[in-house]
Number of protein chains: 2
Amino acid sequence: MASGSRTGRPPRTSVWLDDRLAPKRRSNAEQPSGLDRERITAAAVRLLDAEGLEKFSMRRLAAELGVTAMSVYWYVDTKDDLLELALDSVFGEIDLPVDSPDADWRDQVRRLADEYRGLMVGHPWVSSVLGRYLNIGPRAMEFADAARRVVERAGLPAPRITGALSALFQFVYGFGTIEANWNSRCREAGLGSDEFFHRVFGKVRGRAEYATSLELMEQRGGDTVDEMRQRDFDIALECLIAGIETMRERGTGEADAAPDDPSDGAS
Amino acid sequence: MASGSRTGRPPRTSVWLDDRLAPKRRSNAEQPSGLDRERITAAAVRLLDAEGLEKFSMRRLAAELGVTAMSVYWYVDTKDDLLELALDSVFGEIDLPVDSPDADWRDQVRRLADEYRGLMVGHPWVSSVLGRYLNIGPRAMEFADAARRVVERAGLPAPRITGALSALFQFVYGFGTIEANWNSRCREAGLGSDEFFHRVFGKVRGRAEYATSLELMEQRGGDTVDEMRQRDFDIALECLIAGIETMRERGTGEADAAPDDPSDGAS
DNA sequence: ACCTGAACACCGTTCAAGT
DNA sequence: ACCTGAACACCGTTCAAGT
């Protein structure tokens with residue numbers, strides 16, 4: 001009945017949880033072809049960046065490494081595993097804030113949000129991969145821990161911290177997804193952001209369904225698409241930070257812990 | 001040089017912008033096989049719901065319709081076009097608020113957010129499709145218009161409205177993506193949300209990288225995964241609403257319009 | 001106008017075989 | 001221990017042909 005069991009073996013959950021090859025992950029390049037997990041992952045990231053997730057294939061990757069498609073399977077169980085490895089590897093690019101209790105938590109939130117957004121814009125395939133897997137690799141966990149420490153310093157009651165984290169970083173995720181997708185389409189069309197915008201804009205002019213949206217756009221005349229986007233991001237982020245500040249001491253808690261559980265302040 | 005031009009014809013942007021077949025979209029089922037766009041789209045949605053985006057294929061869909069794979073191509077240019085049609089069709093399920101100026105905008109925001117989240121959870125493929133295409137179908141536009149009208153009623157200065165919209169709905173998008181993905185994995189594993197959680201939880205116990213996350217989880221003992229998720233969603237949404245309220249009159253505008261443009265209050 | 005069949009250029013992955 | 005080649009069961013899409 002369970003759809004994942006048609007091949008006999010149980011459905012995979014994540015490289016980080018059930019990787020048959022994990023212990024043999026020696027990075028010594030003593031192999032005939034100089035292959036190892038790091039080299040494969042790095043090549044995957046390079047290819048994903050250059051050609052996109054759609055065109056990425058095990059065969060294409062193997063060719064890039066000068067090797068047969070099946071050689072890669074010696075180091076990696078499945079394509080899914082490889083994508084998870086690539087995902088976690090780019091999380092390593094994020095510059096995490098040092099734990100300085102004198103710094104303003106708001107600035108640190110802004111910096112983390114910028115870093116996260118930058119990751120998604122810099123690697124347009126990240127959004128899609130993030131949405132497909134569990135994202136529990138070691139570097140993603142470091143990022144999550146850092147984010148939690150920063151938001152904890154805002155002084156929220158404990159049960160609200162995960163909600164605030166969710167508001168912040170799910171927003172950045174959604175924003176980065178749209179932005180990365182837009183950029184990819186521009187690249188495919190061989191156009192700059194503004195040229196592509198005006199092409200879409202032009203095709204839609206005069207159609208009733210788009211009247212109000214067009215109107216909204218014309219009010220913001222004079223700016224580039226990138227400027228509008230940056231401003232929306234900044235405003236949204238300030239909105240979130242201000243929202244978090246209001247939740248520090250407000251006693252209401254309609255949405256807080258279960259109705260008959262008064263242990264909100266527990267460490 | 002542009003990567004999209006390898007096939008000779010220009011890269012597609014959207015069914016809604018360059019659909020060669022648009023005018024012939026007659027819905028009279030006078031065809032030999034009773035096929036038309038609506039029937040095809042409906043079947044696609046059914047199949048996507050039942051088996052997921054990964055397993056969805058033109059051949060599989062054709063089989064479901066009792067027809068050859070290539071028959072579908074008479075009504076639809078590409079698989080991408082079909083996915084955009086399916087996406088817009090489920091946007092039609094969203095129950096839009098009537099324009100009642102006496103209702104509290106906060107309640108209407110909560111309702112729209114719930115509807116949007118419900119759409120993504122009810123159709124786990126929606127998140128992925130949303131992240132890949134432009135989402136400018138007629139029903140998606142109606143939703144966007146409704147959202148804009150609701151947020152406008154919060155009384156923000158005009159240049160902040162799109163930022164606030166972004167904060168709200170990109171958050172719901174991100175949240176819904178994670179949630180839908182989690183649910184899909186549970187279904188694949190043939191487990192309930194809590195059982196699946198405890199499986200992952202168990203595999204990770206004792207590993208240093210996961211120590212702080214596990215600690216965080218244990219503090220919330222006693223609740224089901226769904227309850228925790230619902231609470232995070234509610235708290236995040238209240239955080240966003242509170243944030244929007246603080247942006248109504250605050251004069252700072254560090255992130256507002258361009259520095260030398262004082263025309264903020266323009267209609 | 002609508003539908004089919006065969007074909008092209010791909011996929012991820014398995015498996016037996018090589019070194 | 002590591003890598004290859006052939007094969008399986010698929011893809012999206014084109015194109016010439018049928019009715």
Side-chain angles (χ1 to χ4, degrees), chain A residues 4 6-12 15 20-37 39-40 44 47-48 51-86 129 132, chain B residues 4 6-12 15 20-37 39-40 44 47-48 51-86 129 132:
Chain A
R6 72 201 179 321
T7 67
R9 68 175 178 183
R12 43 157 262 131
V15 224
R20 291 185 354 231
L21 274 35
K24 94 165 65 147
R25 215 182 356 167
R26 63 180 131 224
S27 62
N28 295 355
E30 295 300 325
Q31 274 65 1
S33 57
L35 240 53
D36 62 41
R37 269 201 178 192
R39 260 175 53 75
I40 289 173
L47 220 48
L48 284 162
E51 307 185 352
L53 182 57
E54 223 84 298
K55 291 199 192 108
F56 178 77
S57 78
M58 297 299 271
R59 290 169 140 106
R60 181 82 188 71
L61 172 66
E64 198 73 6
L65 290 163
V67 104
T68 272
M70 292 306 99
S71 305
V72 179
Y73 281 93
W74 184 258
Y75 299 91
V76 137
D77 270 354
T78 64
K79 189 186 181 184
D80 289 320
D81 279 16
L82 182 52
L83 287 174
E84 278 192 281
L85 292 170
V129 174
R132 264 214 269 290
Chain B
R6 73 205 182 315
T7 67
R9 67 174 180 186
R12 41 157 264 129
V15 223
R20 290 187 354 232
L21 274 36
K24 93 164 65 145
R25 217 181 355 165
R26 64 182 131 223
S27 64
N28 294 357
E30 296 300 325
Q31 273 66 0
S33 57
L35 240 52
D36 62 42
R37 269 200 178 194
R39 259 175 55 74
I40 290 174
L47 218 49
L48 285 162
E51 308 185 353
L53 182 56
E54 223 85 299
K55 292 200 191 104
F56 178 77
S57 78
M58 297 300 269
R59 290 168 139 107
R60 180 84 188 71
L61 172 66
E64 198 74 5
L65 289 163
V67 104
T68 272
M70 292 305 98
S71 305
V72 180
Y73 281 94
W74 184 259
Y75 299 91
V76 139
D77 269 355
T78 64
K79 189 186 183 187
D80 289 320
D81 279 16
L82 181 52
L83 288 174
E84 278 193 279
L85 292 170
V129 174
R132 262 214 270 290

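These numbers were taken from a predicted model, which means no experiment stands behind them. Letters A, B, ... are given to chains in the order of the sequence lines, protein chains preceding strands, and every chain is numbered from 1.
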* Can you tell me, in whole Å, how much space there is between the C1' of D:dC3 and that of C:dC15? => 14 Å
Atom CE of A:Met58 and atom C1' of C:dC10 are separated, to the nearest Å, by 16 Å
Can a side chain N or O of B:Thr68 be found less than 4.0 Å away from OP1 or OP2 on C:dC3? no
Between CZ of B:Arg39 and C1' of C:dC3 the distance, given in whole Å, is 15 Å
To the nearest angstrom, the CG-P distance between A:Leu21 and D:dC2 comes to 10 Å
ask   = Is the backbone N or O of A:Ser71 less than 3.5 Å from a side-chain atom of A:Thr68, with the two atoms forming a donor-acceptor pair by type?
value = no
As its Watson-Crick or G-U partner within any shown strand, both distances under 3.5 Å, C:dC10 has none
When both distances are under 3.5 Å in a Watson-Crick or G-U wobble arrangement, the nucleotide paired with D:dA16 is C:dT4
Any side-chain heavy-atom pair from B:Val76 and B:Val15 closer than 4.5 angstrom?
-> no
Query - Contact under 4.0 Å: A:Tyr73 side-chain N or O vs C:dC15 OP1/OP2 - result: no
Q. Between A:Ser71 and D:dC2, is there a side-chain N or O to OP1/OP2 distance below 4.0 Å?
A. no
A:Arg20 CZ to D:dA1 P, in whole Å, measures 14 Å
From NZ of A:Lys55 across to C1' of C:dA9 the rounded distance in Å is 15 Å
Between CG of A:Leu61 and P of C:dC11 the distance, given in whole Å, is 11 Å
Here the distance between atom C1' of D:dC10 and atom CZ of B:Phe56, to the nearest Å, is 16 Å
| Hey, does A:Trp74 have a side-chain heavy atom less than 4.5 Å from the side chain of A:Leu35? | no
With side chains defined as the heavy atoms from C-beta onward, is the minimum distance between B:Arg12 and B:Glu84 less than 4.5 Å? yes
So CG of A:Asp81 and CZ of A:Arg20: to nearest 0.5 Å the spacing works out to 9.0 Å
Rounded to whole Å, CZ of A:Arg59 lies from C1' of D:dC3 at a distance of 16 Å
Using a heavy-atom cut-off of under 4.0 Å over every strand shown, decide if A:Met70 touches base, sugar-phosphate, or nothing.
base
Q: Give a yes/no on whether any side-chain N or O of B:Trp74 is located under 4.0 angstrom from OP1 or OP2 of C:dC2.
A: yes
